[in-house]
Amino acid sequence: MPRTGLPSGSGTWLDPDIPVTGGGPGYGAVVESLRDLLDGFAAASPDEETVRALADAFAAWSKRLERHRVGERQQVFGRRRDLHGRGQVMAPKFAAEESDERSVKGTVTFGRYFLGGNGAVHGGAIPLLFDEVMGRLSNTAGRSQSRTAFLHTDFRSVTPVGVPLSVRAWFESEEGRKRFIRAEIRDGDTLCAESHGLFLALLPGQP
Ligand SMILES: CCCCC/C=C\C/C=C\C/C=C\C/C=C\CCCC(=O)SCCNC(=O)CCNC(=O)[C@H](O)C(C)(C)COP(=O)(O)OP(=O)(O)OC[C@H]1O[C@@H](n2cnc3c(N)ncnc32)[C@H](O)[C@@H]1OP(=O)(O)O
């Protein structure tokens, strides 16, 4: 059911209608490499020579990137809405496949970096993914910026690492500034985790 009163062309998740700037066409591939690096690092037991080589390479890249440091408004990381996961690596990559003004569906695979233990995803990474997906849904389709007021997560069964999972988030209701949103993560038919949250539209001047 489309939300009424939307400015035309205000865009949904898959068609955000927001200009993309910064990082150029190769930026997405770099973000993918960074994700692979984090998963590879988490899965490795490196020898001392490899650890030294990594330390040198990381230090050299940190120094080189320092020359390109910008303020938040110019930052590229996390602001490329054309890329899955909007080009950040803090949360696992959510790939949206279907969206409308009130919902989004897609997939996520938690890599080895997000391991808690015994093959299960870390219990903090799951609300992180929910906040990412629900928070972004809250701000789509011409809605103003909002912030998470609360986010309740129920862990219903183990969320496995390295398995493609389906993710769904949808608006339950909108009452003035209050946006109540629900979401779930499933492994096939098995419900792994579900969440409900309140997102509050920011007032003018609120950070
Ligand atoms: C997010 C904007 C940043 C802009 C980014 C720009 C570009 C980035 C590019 C892409 C980004 C894309 C997607 C983003 C993805 C993920 C987003 C994640 C979002 C977050 O991760 S964001 C961080 C965590 N978040 C906070 O850091 C919030 C800290 N906090 C506050 O900033 C205030 O707390 C605030 C503003 C929330 C409310 O403050 P306030 O003063 O405006 O409102 P007030 O307290 O008056 O409440 C009004 C009515 O809501 C009820 N209410 C309030 N809180 C409630 C609660 N907890 N439970 C039940 N009811 C509650 C009251 O009871 C009242 O209800 P009633 O009107 O019926 O009396």
Side-chain angles (χ1 to χ4, degrees), residues 3 6-7 9-24 27-28 30-32 34-35 68-110 113-114 121-154 165 167-185 193-207:
R3 181 171 171 264
L6 288 174
S10 54
T12 61
W13 189 301
L14 289 172
D15 181 18
D17 198 19
I18 292 170
V20 169
T21 53
Y27 192 81
V30 174
V31 174
E32 287 304 300
L34 196 47
R35 288 187 183 283
H68 300 274
R69 192 180 179 86
V70 292
E72 183 182 328
R73 301 273 169 212
Q74 290 78 43
Q75 182 178 310
V76 182
F77 185 83
R79 300 172 79 92
R80 283 284 302 255
R81 291 183 216 225
D82 58 321
L83 301 174
H84 290 320
R86 67 190 164 91
Q88 50 80 38
V89 297
M90 182 177 65
K93 180 179 72 182
F94 171 68
E97 287 162 1
E98 284 178 51
S99 70
D100 60 24
E101 285 88 348
R102 296 181 60 83
S103 67
V104 64
K105 269 189 213 174
T107 56
V108 72
T109 302
F110 289 88
Y113 178 65
F114 296 102
V121 172
H122 191 288
I126 292 167
L128 175 63
L129 190 265
F130 279 136
D131 194 37
E132 173 67 25
V133 175
M134 296 159 79
R136 186 161 164 190
L137 177 65
S138 169
N139 295 346
T140 58
R143 296 178 180 90
S144 59
Q145 294 286 348
S146 64
R147 282 203 183 278
T148 319
F150 74 72
L151 187 71
H152 179 101
T153 297
D154 290 298
L165 306 167
V167 181
R168 199 163 73 89
W170 65 98
F171 269 84
E172 189 173 45
S173 65
E174 288 185 81
E175 300 157 20
R177 294 173 62 206
K178 294 180 184 175
R179 303 169 187 169
F180 291 93
I181 298 181
R182 304 192 80 90
E184 60 181 32
I185 300 174
E194 59 187 337
S195 186
H196 68 271
L198 170 61
F199 296 79
L200 276 173
L202 292 176
L203 298 169
Q206 274 184 324

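Order of appearance sets the numbers: ligands from 1, and atoms from 1 within every ligand. All values below come from the heavy atoms of this structure, side chains included, with hydrogens, waters and symmetry mates left out.
Residue-ligand proximity, Ala149 to ligand 1, at heavy-atom distances under 4.0 Å covers atoms 54 (N), 55 (C), 57 (N). Numbered from 1 in the order shown, with element, the atoms of ligand 1 that lie under 4.0 Å from a heavy atom of Gly78 read 9 (C), 10 (C). The ligand atoms of ligand 1 that sit less than 4.0 angstrom from a heavy atom of Ser146 are 1 (C).
You'll find the side chain of Thr148 stays beyond 4.5 Å of the side chain of Phe130, heavy atoms only. Counting heavy atoms from C-beta on, the side chains of Phe114 and Leu129 never come closer than 4.5 Å. Using a 4.5 Å heavy-atom cutoff, the side chains of Arg147 and Leu200 are not in contact. In this structure, Phe110 and Leu165 have side chains that are in contact, with non-hydrogen atoms separated by less than 4.5 Å.
Of the heavy atoms in Pro207, none comes closer than 4.0 Å to ligand 1. The proximity of Thr148 to ligand 1, defined as any non-hydrogen pair under 4.0 Å, involves the side chain as well as the backbone. Residue contacts with ligand 1, taken as heavy atom pairs separated by less than 4.0 Å, involve Leu198 solely via side-chain atoms from C-beta onward.
Within a 6.0 Å radius of CZ in Phe171, more than 12 heavy atoms belonging to other residues, nucleotides or ligands are found. Within 6.0 Å of atom CD in Glu72, 12 or fewer heavy atoms from other residues, nucleotides or ligands are found, so the atom counts as exposed in its surroundings.
Looking at ligand 1, you won't find any N or O of Gly135 less than 3.5 Å from one of its N or O atoms.
Ring-plane geometry between His196 and His152 is classed as parallel, the angle between the planes falling under 30 degrees on a 0 to 90 degree scale with a further cut at 60.
Distance check on atom 54 (N) of ligand 1: some protein heavy atom falls below the 4.0 Å cut-off. In this structure, atom 34 (O) of ligand 1 is not in close contact with the protein, since no protein heavy atom lies within 4.0 Å of it. Distances from atom 63 (O) of ligand 1 to the protein include no heavy-atom value under 4.0 Å.
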- Query: Would Lys93 and Val108 count as a side-chain contact (heavy atoms from CB on, under 4.5 Å) if you check the C-alpha gap in whole Å, the side-chain angles of each, and the deciding distance to 0.1 Å?
  - Reply: CA-CA 6 Å; Lys93 180 179 72 182; Val108 72; 5.7 Å; no
- Would Gln88 and Phe77 count as a side-chain contact (heavy atoms from CB on, under 4.5 Å) if you check the C-alpha gap in whole Å, the side-chain angles of each, and the deciding distance to 0.1 Å? CA-CA 5 Å; Gln88 50 80 38; Phe77 185 83; 3.7 Å; yes
- Query: Is there a side-chain contact (heavy atoms from CB on, under 4.5 Å) between Tyr27 and Arg80 once you walk through the steps?
  - Reply: CA-CA 9 Å; Tyr27 192 81; Arg80 283 284 302 255; 3.7 Å; yes
- Query: side-chain contact (heavy atoms from CB on, under 4.5 Å) between Arg168 and Glu184: does it pass, once the steps are laid out?
  - Reply: CA-CA 6 Å; Arg168 199 163 73 89; Glu184 60 181 32; 3.5 Å; yes
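Between atom 11 (C) of ligand 1 and the options Arg147, Glu175, Arg86, the minimum heavy-atom separation is to Arg86. When the options Arg79, Gln206, Arg80, Gln88 are ranked by their closest heavy atom to atom 42 (O) of ligand 1, first place goes to Gln206. Considering only non-hydrogen atoms, atom 37 (C) of ligand 1 lies nearest to Leu200 out of Leu202, Leu203, Leu128, Leu200.
Scanning all protein heavy atoms for the shortest distance to atom 9 (C) of ligand 1 gives Arg81 NH2, 3.5 Å. For atom 21 (O) of ligand 1, the closest non-hydrogen atom of the protein is Asp131 OD2, 2.6 Å. Here the heavy atom of the protein found nearest to atom 44 (P) of ligand 1 is Arg177 NH1, 4.6 Å. Annotation: atom 4 (C) of ligand 1 to nearest protein heavy atom, Gln145 OE1, 3.7 Å. The protein atom (non-hydrogen) at minimum distance from atom 58 (N) of ligand 1 is Phe150 CD2, 3.3 Å. Of the protein's non-hydrogen atoms, the one nearest atom 68 (O) of ligand 1 is Lys178 NZ, 2.8 Å.
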